[in-house]
Every structure is written in structure tokens, then in C-alpha cells.
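Every chain is numbered from 1 and lettered A, B, ... according to where its sequence line falls, protein lines coming before strand lines.
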Number of protein chains: 4
Amino acid sequence: MADQVQAESRQRGRPRSEASHQAVLEATARLLCSISYEDLTVERIAAEAGVGKQTIYRWWKNKAAVVLETLVTGQTDMELVDLPDTGDLRADLLTWTKSMISEAFTPSTISMARSLVAAGVQEDPATEELLSGAAFRDTGLLVQRLRSAEERGEIRPGADLTAVTAALGDPFILRLLVGHPPGERWAQTLVDVVVRGLQPQGASD
Amino acid sequence: MADQVQAESRQRGRPRSEASHQAVLEATARLLCSISYEDLTVERIAAEAGVGKQTIYRWWKNKAAVVLETLVTGQTDMELVDLPDTGDLRADLLTWTKSMISEAFTPSTISMARSLVAAGVQEDPATEELLSGAAFRDTGLLVQRLRSAEERGEIRPGADLTAVTAALGDPFILRLLVGHPPGERWAQTLVDVVVRGLQPQGASD
Amino acid sequence: MADQVQAESRQRGRPRSEASHQAVLEATARLLCSISYEDLTVERIAAEAGVGKQTIYRWWKNKAAVVLETLVTGQTDMELVDLPDTGDLRADLLTWTKSMISEAFTPSTISMARSLVAAGVQEDPATEELLSGAAFRDTGLLVQRLRSAEERGEIRPGADLTAVTAALGDPFILRLLVGHPPGERWAQTLVDVVVRGLQPQGASD
Amino acid sequence: MADQVQAESRQRGRPRSEASHQAVLEATARLLCSISYEDLTVERIAAEAGVGKQTIYRWWKNKAAVVLETLVTGQTDMELVDLPDTGDLRADLLTWTKSMISEAFTPSTISMARSLVAAGVQEDPATEELLSGAAFRDTGLLVQRLRSAEERGEIRPGADLTAVTAALGDPFILRLLVGHPPGERWAQTLVDVVVRGLQPQGASD
DNA sequence: ACTTAATCGAGACGGTACGTCGCGTCTTCAC
DNA sequence: GTGAAGACGCGACGTACCGTCTCGATTAAGT
């Protein structure tokens, strides 16, 4: 029992270069800013990273896997939109949606989001694993803010917060993919309905 | 989708075969049940439809356009999930989500949804036009049901119903793409929050 | 009976482009002047010919086959060395060897000869067929000159002239491959021994 | 391959290196029996020899060099065809050609001959040096036999014997490369013409 | 009936990217 | 301080599709 597995994975030969691995991710992130998933090629990534094509295929099984790891591990400068916590959930969410609309609907972010989806929408089981695990990163922020509101008694307890974040976040993700930023009234309604829906019984606007 | 012919006597030579056009759509629908967008090739479609490749390119500009028209014009047996109108919005939506989960999360539907997204997520402006216009077909059903509830006074008036349908529908679409059906509690929370959020002032469960 | 088989090989689809076929051979000939067989690539040939790589693989099974057809069908400007017929076999052969040494041992010709051998020395049965059929083109000239001498009674009849041409020609071919032109005395001895060996009985120098 | 004697225990330098060197040559010889030069890879040699790739590149500059050294230094079981010296040159040469045809035209020998040529036909100057120096090994035997005949007065003196060996040997080498054994009459003519061509003046068959 | 012209299925075309393989070099660990 | 093992950068391989072009055959509409 004390004897761990080790003899089987005994280091032989030159170890894989973590530097190359990282260089590929960074090169991919750099390229994804300006070109679409379709136009991105493994050869281009290899050239940009100063790496042999085979090295890429040694780490990832195909282009989709490279792109997914690049975007999911946050190699990009695609900053998370800030979600404040002033104690007023509705106001915070409205602030969030506004900055979302103004900051996230840039050509570069839209392109990356599309690349993420294009890479994710493969029939590969490994891919599904990774995606359903990581989900979309923004989700974490939202869940955290909602939990804080819950503890503070701002919203009624017991709701499945992942469903609530989906109701709030997923519409923005789809609008992002389509490329058309939603109007302000649309966003306000979204926040309003969800916040109302979460209010403790008897509360009113 | 296809460009119309002017009523003028420009019609010279052999007319385009509407049968071929339809055969392509049907062949595509047939193939999309079992293979992914990536594995689908124009040559394969042409072979399945018993049609020349050029005939496809005479009607559509590329593979994405064929797939989009196939899925958007409902060539598939991907039936719309029924949304009843009993007068009880919450109950109806819960019924809808349940059948959604049990009927829509089949491998074939998931595959088609992914193909739709893969085809839609191109940088092509024409594609965006079509998609943002058609949106997803289910949306229509939802909006209609909500409007009926609004008229009946079941929900408070003045809400942007497209935002509400987004809050309800988009989360299901994303779960569909990922391939994992949501749990029942998740769906219940989603419906509950939205329905509460729409209730007229002062009402309670 | 007048009705030939024809329906089976009925022309369907776009016919293969003989122009492309020829362009490949010419491009290969052009490239072989300056670069070695090893450095020659199918991609380079395709680029030089303005042809898709697949077109090359549609006509030939590999690089060796392209090179062989190029050299064997005489696409190159590798002119045959002249072999005069003055009636004096020994003098004619000496003239021939001299021009051989001075004209054939150029870098370009040496390179082509090596390419021919490199391409020919594959284990492919089809290749052997082609080579043993075509042999080396010079052989024809020699056989013809010897036959003329035989008819004229210059040499004793009944010899296997292909063996004689081998004795005379093959040594030059091997020297060509090695790249070192033989000395004049060497060539003289070669011609001398063979011509003496062919003389009718009782003749002397 | 067994462990070396430990006479000198000061083996700080290269305890196994000469063994590795030899192992590579033997492995190459073993492989060349069955696979062509093209299909032979350095990695395969290394694996067969139980040696690291770098060890090969420490001794030779590339694959061609390994193959050349293997074949030129006679690591193979490609035995030299025996050339008797009974005092009758014509009879000896006929014996030699006959055993040549029956023994040398085996698939294994043909394959090795082709590999030798494939390796030799590189543009590398060092390679040319080695080849033109070593020539083909059989040459030595022939020259020796001819010199013996010359001393014995069997043939007229003063001929450039390297040219004569070329006339006799090179045709066999080329037939070997093509892979088709010559007929008996062909060989007889070859020997006959050369031997006659070497006879002292006035002699006759 | 006869031309004209656009269509049809078929498949080759010039390209581009794929994923693999081999070269010759570099880098680790074990002996 | 070598040597095996094997990853590295590089680049060619042969294949697969793309979207276009070119065949002979087919099909109306306009002579």
C-alpha cells in the first residue's frame, strides 16, 4: 500500500516540454483574438508558437482540444466582467448587465465565444467532460453573488442557484454568440423578473 | 431562401429541379441524425441525395447554408415540444420543461442542435441575419403562451416578453448543447423564479 | 459484332486533363536539372507545374513514378550523344566515347542519371517492368550501329549484340553515376577490346 | 554483444561503444535482407540494434553512411562469387558468370545491391570518395585474375585492366539492379568478346 | 423540327489543411 | 560521462474536402 505506482510511469527519455505546451496555448490565445475558429489551423498555431506540429498532436488530439484548453484555462485577456456586491442585488445585477453589454460585445470577445462553442460542439466525450465541468466561467461569479444575497436574507432561501444563474447568464451567452447586444430594456426585464422571482414572500418593489 | 425568378421571360434553358433541391434537404436531414456537422461533407450529401455537387452549390453558398436551411425549415423529425395553455402558467411551463427534458435530450436531437450551432457560428453576415431573424423556433411558442397569460391578467403587464422567453428557454438550449439534461429541481426552480417574477404585485403562491 | 464494348467505359464526369499531365512532366524535367532526387518533392513539382498535388497522385502512384516517366519519355533536354556511322566501327566508337566523356559528364546530366537510378531502384514491380522495357535509351543507338557493322561484314556474325552493347555502354553508365569521367586510355582500351573481340577470325590490328 | 573483458577497469570513456557500433552494422545488414533502402529507417535500425538513435549519429552522419559502411565492409552474407584460376581464362570467366547468375540474382542480393546504389547516389562528396575508392568489391577479384592471365601470357599485355573489368563486370551489376538475370547466351557472348579482344595477336579460337 | 441555353449527375481540377512519419538534434535518467 | 529512450523543430508525405470547372446527356423555351 505504501508502494505507490511509479515503476510503470518511470521517466524515460526526454520529458515533454512544458514550455512548448504553454507556448501553444499562448499562441492560440493570440490568434483567436483576430481569426475565427474555422480559419485557425494547427499549422498556423505551430508556426506562431515556434513549435512542431507533432508536438501539438502529442499534447492534444485535435484543434478543438487545443482551443478548448486555451479558452477554458483562461489564457486569453478576455477579462471577466465585474460583478459588484453592494448589498443591493438588483442594482448590482443591472450594473453587471450594463458592463456586460458594453464590454463583452466586442468583435474579439464574440469571436472567442464562437470559437469556444465551435470547439465544444464536437461529439467527443472527453470534450463534454471538460465543458460540463468547467461550464462557463462567469457562472462562478454569479453563483457567489447570489449566495451572498441569500445569506444576507435578500432573497428567499432554498432556490437552486445554478438554475438562477442559468436564467440570468445563458441569455447573454446566446446573444453574444449571435453577435447582437440586447437592448437595455431587455436586460432590465431579465434582471427584474429574476430578482422579483427571488424575493422573499410579501416583498414588493 | 432560394432566390426567386423574375416573372419575366428570363426563363431560358432547363429549369432548376425543385426535386433535387428537396432531395438535398432531406438527405441532409437524414445524415444529420447520425453524424456530426464536422463529419458531414458536401460530397456525402450529394451522394446521399443522388445529386451532383454543383447542384448543391447552385442553390446554397456552402455547407453551413445547407445545414441551416435544413434545420431551420424543419425538414427534420425534431418535433416541437408541446406547450399547453390550461390557464395555469406555472403548471403549463412545468409540463413543458418535463417533456422537454424527456423528449429533447435524445442523441439525435442533441446532434442536430449542435450542427445548427456549428453552422450558425460562422462569421458570415448572411447567416447571422437568418439566425437572429428565425431565432430558435421554440421561442415563438413561449412568447405566444406568455402573451396569452398577460392578456388574461395572470402576469403583470409591460414586461419585455422576449427577455422572459430568453430566461426560460436559453438555459435549456445550452444544456442541450452540452448534452446533459438538467435535473427536475433545476427546471422547477427556473420556472418558479420566472413565474414569481412575473406575478402581479402583491400576489403570493 | 460491329457493336463494340463501350457502355462500360462510358465517359462520365470531367475527363482527366492531359495538359496537367504534361505540365507535371515538364515541371519535373525542369526541376531535375538543378535539384537532386532526394531534394525533389511532390509538393514542389505540383507548385512548379501549377497543379494540385492530388492530380499528380491521380496519374502516378508516387514521386518515383513521376521521375521515371519524365526521364524515360525524354522530357529532358538530355540529348543523346551522337554515334556516327562512317564504316569504321573502331573509329566511330572512339568518337562516340570521346563525345560521351565531354558531353555527358556535366553536373546536370549526372544529376539526372542519378535521379533515374534512385527512382528506378524501388522494389515496385511496375517500375521494373518499365525500366527493363525501356532499358537505357542509348542502347538503341549502339545496337543499331553494331547491326550495321555486322551486315557490312565488319564484325563476325552471330554475337548477341545486346551483350556487346552492355560491355560497351554499361561501364560508362556506372562511371556517370559515380560522377568521375573515365580517362581517355580507359575508354580506348574498352573500345579496343570489344572491337577486337568482334573481329572476324584471322583479322589483326 | 556479451560483456567485455574487464582487463582495463579504467573504462571511463566508452565501455560499450564499439559493441554498439558493430551492433548497428549487423542490425542494418539483417534489415537490408528483407526491406528496401526507402523503407529502412534510422529508428528501425536503432531498435533492431538495441541502440539509441544518437549513438548512430555519433558514428555516421546519416542513414546513407550507415548503409554504405554496412555493405562496403561486407557485413552481409552476400558472399563474393568465386572466380577460379585454372589457367584457362575463358573457362574460368564462364564458370564465374554462371555462378554469378545462379547465386547473385536472389531477392536478397538484389535488394542489397539496390540499397547500395540508393545510398551511393547522393550528392555527398564524402560518399563519392568512399564509393569511387572501394568501387565494387568484385572488381578486385577480376583484376587479380586478369593480371595473373597477363603474367602467364594468356592475354596480350598493356591493356588497361580496370577498363576490361568494367566491360565484364558492369553489365552484370546493371542487370542485377534491374533484377532480371541475363540469359546464358548473353553471358557467353560477353565473356567471349572480351576474351577474344584480349588474346595475343594471331591467336584464334 | 431545330436551335439555344441552362440544368442535370459525375468527377477531375487547383488549393489548403489534415494527421502521420522520418530526420537529425537535444535532454532527461540510469549505469 | 556514455548510452537508451524519446521529445523536439522541421518538413514531406499521401488523403480528404472545399468550391470551381468541364464533360456528355437532358429538358424546355424560343425559333
Peer 1: With sequence neighbours excluded, what pairs up with A27(D) under the side chain to side chain contact (heavy atoms under 4.5 Å, CB included) test?
Peer 2: R30(D), E48(D), A49(D)
Peer 1: Apply the test side-chain contact (heavy atoms from CB on, under 4.5 Å) to residues Q22(D) and L25(D): give CA-CA distance (whole Å), side-chain angles for both, the deciding distance (0.1 Å), then the verdict.
Peer 2: CA-CA 5 Å; Q22(D) 192 55 32; L25(D) 292 177; 4.1 Å; yes
Peer 1: Looking only at the side chain of R12(B) (C-beta and beyond, no hydrogens), which of the listed nucleotides dG30(F), dC13(E), dC8(F) gets closest?
Peer 2: dG30(F)
Peer 1: Whole angstrom is fine here: how far is it from CD1 in I45(B) over to C1' in dC17(F)?
Peer 2: 12 Å
Peer 1: Please confirm whether any donor atom in the side chain of R14(C) sits under 3.5 Å from an acceptor in the base of dC21(F), or the reverse.
Peer 2: yes
Peer 1: With distance as the sole criterion, do the side chain of R16(B) and the base of dT7(E) form a donor-acceptor contact below 3.5 Å?
Peer 2: no
Peer 1: Rounded off to whole Å, could you give me the CD-to-P distance for the E48(C) and dG14(E) pair?
Peer 2: 14 Å
Peer 1: I'd like to check Y57(D) versus V42(D) (side-chain heavy atoms, cut-off strictly below 4.5 Å). Are they in contact?
Peer 2: yes
Peer 1: Any heavy-atom pair between the side chains of T70(A) and W60(A) that's under 4.5 Å?
Peer 2: no
Peer 1: Any side-chain N or O of R58(D) below 4.0 angstrom from OP1/OP2 of dG3(F)?
Peer 2: yes
Peer 1: By nearest heavy atom, map G13(A) and H21(C) onto DNA chain E; which one lands nearer the 5' end?
Peer 2: H21(C)
Peer 1: Does a side-chain N or O of S20(C) approach OP1 or OP2 of dG14(E) to a distance below 4.0 Å, or not?
Peer 2: yes
Peer 1: Answer yes or no: does atom CD of E38(A) have more than 12 heavy-atom neighbours from other residues, nucleotides or ligands under 6.0 Å?
Peer 2: no
Peer 1: Side-chain N or O of T55(A) versus OP1/OP2 of dC8(F): is the shortest distance under 4.0 Å?
Peer 2: yes
Peer 1: Enumerate all atom pairs, one protein N or O and one N or O from nucleotides 11-15 of chain F, separated by less than 3.5 Å.
Peer 2:
residue : atom : partner : partner atom : Å
dC13(F) : OP1  : V42(C)  : N            : 3.1
dC13(F) : OP2  : V42(C)  : N            : 3.1
dC13(F) : OP2  : E43(C)  : N            : 3.4
dG14(F) : OP2  : Y57(C)  : OH           : 2.2
dG14(F) : O5'  : Y57(C)  : OH           : 3.4
dG14(F) : N7   : K53(C)  : NZ           : 3.0
dG14(F) : O6   : K53(C)  : NZ           : 2.8

Peer 1: Could you list the residues that satisfy side chain to side chain donor-acceptor pair (under 3.5 Å) with S34(C), not counting sequence neighbours?
Peer 2: none
Peer 1: Can you tell me the distance, in whole Å, between the CG atom of L31(B) and the P atom of dC17(F)?
Peer 2: 13 Å
Peer 1: What is the distance, rounded to the nearest whole Å, between atom CD of E38(D) and atom P of dC21(E)?
Peer 2: 16 Å
Peer 1: Between dG19(E) atom C1' and W60(A) atom CH2, what is the distance in whole Å?
Peer 2: 16 Å
Peer 1: Ignoring backbone atoms, test whether W59(B) places a side-chain nitrogen or oxygen under 4.0 Å from the OP1 or OP2 oxygen of dT7(E).
Peer 2: no
Peer 1: Using heavy atoms to find the nearest nucleotide of DNA chain F for P15(B) and D39(B) separately, return the residue whose nucleotide is more 5′.
Peer 2: D39(B)
Peer 1: Could you check whether the rings of H21(C) and W59(C) sit parallel, tilted or perpendicular, using 30° and 60° as the cut-offs?
Peer 2: tilted
Peer 1: I need the CD-C1' distance between E18(A) and dT28(E), as an integer number of Å.
Peer 2: 16 Å
Peer 1: Please give, in whole Å, the distance from dG9(F) P to I56(A) CD1?
Peer 2: 9 Å
